[in-house]
Amino acid sequence: MTTIQRAKGMQDVLPADRRYWDLVIDTAVTLAQRYGFQRIDLPILEYTELYHRGVGDASDFFVKKETYEVEESEGVSLTLRPEFTAGFMRAYIQNGMASWPQPVKLYTIGPAFRRERQQAGRYRQHSQFNCEILGEIDPAADLEVMLLAMNLYRELGYKGLTFQLNSTGCPTCKPVYVDALKTYLTDYLPNLAPIDQERLRRNPLRILDSKEPGMDELLANAPHIIDYLCDDCEDHFNELRGLLDDLDQSYTINFRLVRGIDYYTKTVFEVWAEGIGAQAAVCGGGRYDGLAESIGGPATPGVGFGSGIERIILGLQEAGIEPPTIPEPEILVAHFGGVTKTVAVQLTFRLRSAGIGARLAFARERRSLKSQMREANKHNIKTVLILGEEEVAQGLVVVRPLDGDEQHSIPLDEVVSLLKK
RNA sequence: GCGGGUGUAGCGUAGCGGUUAACGCGUCUGGUUGUGGCCCAGAAGACCGUGGGUUCAAAUCCCACCACUCGCCCCA
């Protein structure tokens with residue numbers, strides 16, 4: 001019989017790695033709260049329709065079936081969330097958040113699912129930290145989510161961080177730009193790699209982040225979207241840049257930065273860091289003023305970002321950043337079976353009731369003290385409480401420090417108060 | 001879906017045609033009667049990813065498949 005393995009693309013987070021998760025999550029939560037964001041938890045399953053309409057069914061991840069779908073009942077399909085933004089907007093509309101004080105600033109942390117081949121830091125189940133500001137068109141809101149993202153990586157100790165910034169326009173100006181880009185590229189059609197020729201037909205914007213050789217030169221003279229923005233989008237972009245400049249926050253205008261889904265408008269940004277295989281981006285975000293309407297709600301602007309926690313952790317590990325270890329009990333209660341075991345069990349639970357972390361030495365039969373001492377050593381125990389037959393008979397317990405200090409006996413009923421200090 | 005890499009005990013590796021597959025770490029037990037870390041001794045633990053083939057003989061050569069992994073596609 002074959003042993004059952006972990007499902008493809010899934011990860012076990014072992015105790016030794018948990019401290020990385022705690023560090024990232026603690027830092028993210030602290031920061032989000034400091035910026036005035038409130039936590040929301042959204043369902044992992046949503047009606048498939050949400051993503052089809054929110055993200056657009058033409059998106060590759062539907063065409064290629066890169067989502068996990070389950071049939072809820074005849075004709076009703078649910079999808080394991082592949083992203084968070086659509087769910088945020090759905091929740092905003094459904095819970096009437098439009099009548100909360102505006103804007104509504106929310107964050108969440110949880111798993112998302114993508115049915116694709118895994119590579120470094122990209123798993124089929126991954127966890128994401130997302131922050132969104134809903135109901136606000138002020139470019140300062142864009143600034144706020146950008147800085148929150150940047151500060152997260154800074155606080156975690158990342159180096160070599162940069163903002164990549166671009167605007168993707170809006171339904172008014174974006175099509176004009178796409179046409180201009182198409183026209184430009186069509187002249188170079190024979191020079192394009194087959195995959196880029198394909199992109200030119202299906203999704204011309206994607207050519208901009210093509211990794212084919214020679215594209216850097218070819219695209220250098222391509223039209224930039226910045227020059228095609230409508231007044232509204234241009235004002236928005238310039239104001240955001242002005243705010244960044246006022247803060248002396250550097251950024252790189254990256255005209256090749258694009259988003260794969262339709263709901264993005266105006267601001268798109270990424271934070272780049274060194275390392276992590278082929279991927280430089282440690283987070284991606286942007287504005288999505290068209291999303292609410294596409295899922296049947298009233299026009300509602302929004303801006304936010306998402307960041308994969310596994311990938312953040314990979315970066316931390318590559319940079320050699322050591323999170324604090326998770327504390328273990330400092331007390332081990334040792335015994336020799338029989339009555340001493342009974343007393344040991346009682347003492348252990350008394351300690352815990354008093355708020356003192358304690359580990360009970362398990363032993364079906366009488367177990368050598370050496371073995372129990374070794375156990376203590378492996379778990380970085382500071383003090384072993386030894387319940388020997390003689391001590392128990394006299395109502396005593398041996399307090400045995402592991403740091404080299406002398407051991408001594410004290411009355412059993414004084415242990416808790418002694419250790420509380 | 002496409003391409004590269006890798007598959008030997010829990011982990012990291014050696015062995016690359018020839019008797020009972022080796023080493024380090026880890027685990028467990030012991031080193032006299034109730035005391036850790038170091039040291040020493042011992043034990044458990046691998047049908048050498050799976051299936052076929054070549055050969056007197058295969059972990060070692062060949063083929064297929066599978067898994068893992070990195071990258072492409074895509075990136076929500």
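The chains referred to below are lettered A, B, ... by the order of the sequence lines, with proteins before strands, and numbering in each begins at 1.
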Can you check the [X] [atom1] to [N] [atom2] distance for me, whole Å?
| X | N | atom1 | atom2 | value |
| --- | --- | --- | --- | --- |
| A:Lys8 | B:C68 | NZ | C1' | 8 Å |
| A:Asp209 | B:C75 | CG | C1' | 9 Å |
| A:Glu66 | B:C73 | CD | P | 12 Å |
| A:Met10 | B:U69 | CE | P | 12 Å |
| A:Gln119 | B:U69 | CD | P | 12 Å |
| A:Glu83 | B:C74 | CD | P | 18 Å |
| A:Glu212 | B:C2 | CD | C1' | 13 Å |
| A:Leu332 | B:G37 | CG | P | 14 Å |

Side-chain donor/acceptor of A:Arg122 to base of B:C75, under 3.5 Å: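 Between B:C75 and A:Arg122, which were checked side chain against base, a qualifying N/O pair under 3.5 Å is present.
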hbond_proxy A:Asn377 side chain to B:G36 base (donor-acceptor, 3.5 Å cutoff):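 Answer yes: a donor N or O sits under 3.5 Å from an acceptor.
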Pair assignment for [N], Watson-Crick or G-U wobble, requiring both distances under 3.5 Å:
| N | answer |
| --- | --- |
| B:A59 | none |
| B:G37 | none |
| B:A14 | none |
| B:G49 | B:C65 |
| B:U27 | B:A43 |
| B:G3 | B:C70 |
| B:U19 | none |
| B:A9 | none |

Nucleic acid footprint by protein, nucleotides 28-35 of chain B - heavy-atom cut-off 4.0 Å, B for base, S for sugar-phosphate alone: SSBB--BB
Identify the heavy atoms of [X] and [Y] that sit nearest to each other, and give their distance.
| X | Y | value |
| --- | --- | --- |
| A:Gly285 | A:Arg259 | O-NH1, 2.9 Å |
| A:Val416 | A:Ala354 | CG1-CB, 3.5 Å |
| A:Phe84 | A:Arg81 | CE2-CZ, 3.4 Å |
| A:Glu198 | A:Arg201 | OE1-NH2, 2.5 Å |

Using the [atom1] atom in both, what is the distance from [N] to [M], to the nearest Å?
| N | M | atom1 | value |
| --- | --- | --- | --- |
| B:G37 | B:G51 | P | 43 Å |
| B:G30 | B:A22 | P | 26 Å |
| B:G12 | B:G31 | C1' | 29 Å |
| B:A9 | B:A46 | P | 10 Å |
| B:U29 | B:C47 | P | 25 Å |
| B:G10 | B:G26 | C1' | 7 Å |
| B:C56 | B:A14 | C1' | 28 Å |
| B:G17 | B:C38 | P | 40 Å |

Side-chain N,O (A:Gln118) to OP1/OP2 (B:U69) below 4.0 Å: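 Affirmative; the distance criterion is met.
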A:Arg199 side-chain N/O to B:C74 phosphate OP1/OP2 under 4.0 Å: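 Yes, because at least one side-chain N or O of A:Arg199 sits under 4.0 Å from OP1 or OP2 of B:C74.
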Interatomic distance, A:Ile295 atom CD1 to A:Ile93 atom CD1 [nearest 0.5 angstrom]: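 With rounding to 0.5 Å, CD1 (A:Ile295) is 4.0 Å from CD1 (A:Ile93).
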Test salt bridge (Lys or Arg N to Asp or Glu O under 4.0 Å) applied to A:Arg256 and A:Asp216, step by step: CA-CA 10 Å; A:Arg256 293 173 64 175; A:Asp216 289 353; 2.8 Å; yes
First encountered from the 5' end of RNA chain B, between A:Ile195 and A:Gly404: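 Whichever sits nearer the 5' end wins; that is A:Gly404.
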Trace of the salt bridge (Lys or Arg N to Asp or Glu O under 4.0 Å) decision for A:Arg19 with A:Glu322: CA-CA 9 Å; A:Arg19 61 198 176 114; A:Glu322 288 288 334; 2.9 Å; yes
Within residues 170-194 of chain A or reaching into it, pairs that qualify as side-chain hydrogen bond (donor to acceptor under 3.5 Å, both in side chains) - sequence neighbours excluded: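 Applying side-chain hydrogen bond (donor to acceptor under 3.5 Å, both in side chains) to every pair that reaches into residues 170-194 of chain A, excluding sequence neighbours, yields nothing.
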Listed nucleotide nearest any side-chain atom of A:Ala120, set B:U69, B:C68, B:C70: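 Closest of the options to the side chain of A:Ala120: B:C70.
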Sugar-phosphate only, base, or nothing, as touched by A:Arg81 at under 4.0 Å among non-hydrogen atoms: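 The answer is nothing, as A:Arg81 stays clear of every strand by at least 4.0 Å.
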Pair A:Glu389 + A:Arg366: basic N to acidic O under 4.0 Å: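 Yes.
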Sub-6.0 Å ring centroid separation between A:Tyr153 and A:Tyr158: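 Judged by ring-centre distance (under 6.0 Å), A:Tyr153 and A:Tyr158 do meet the cut-off.
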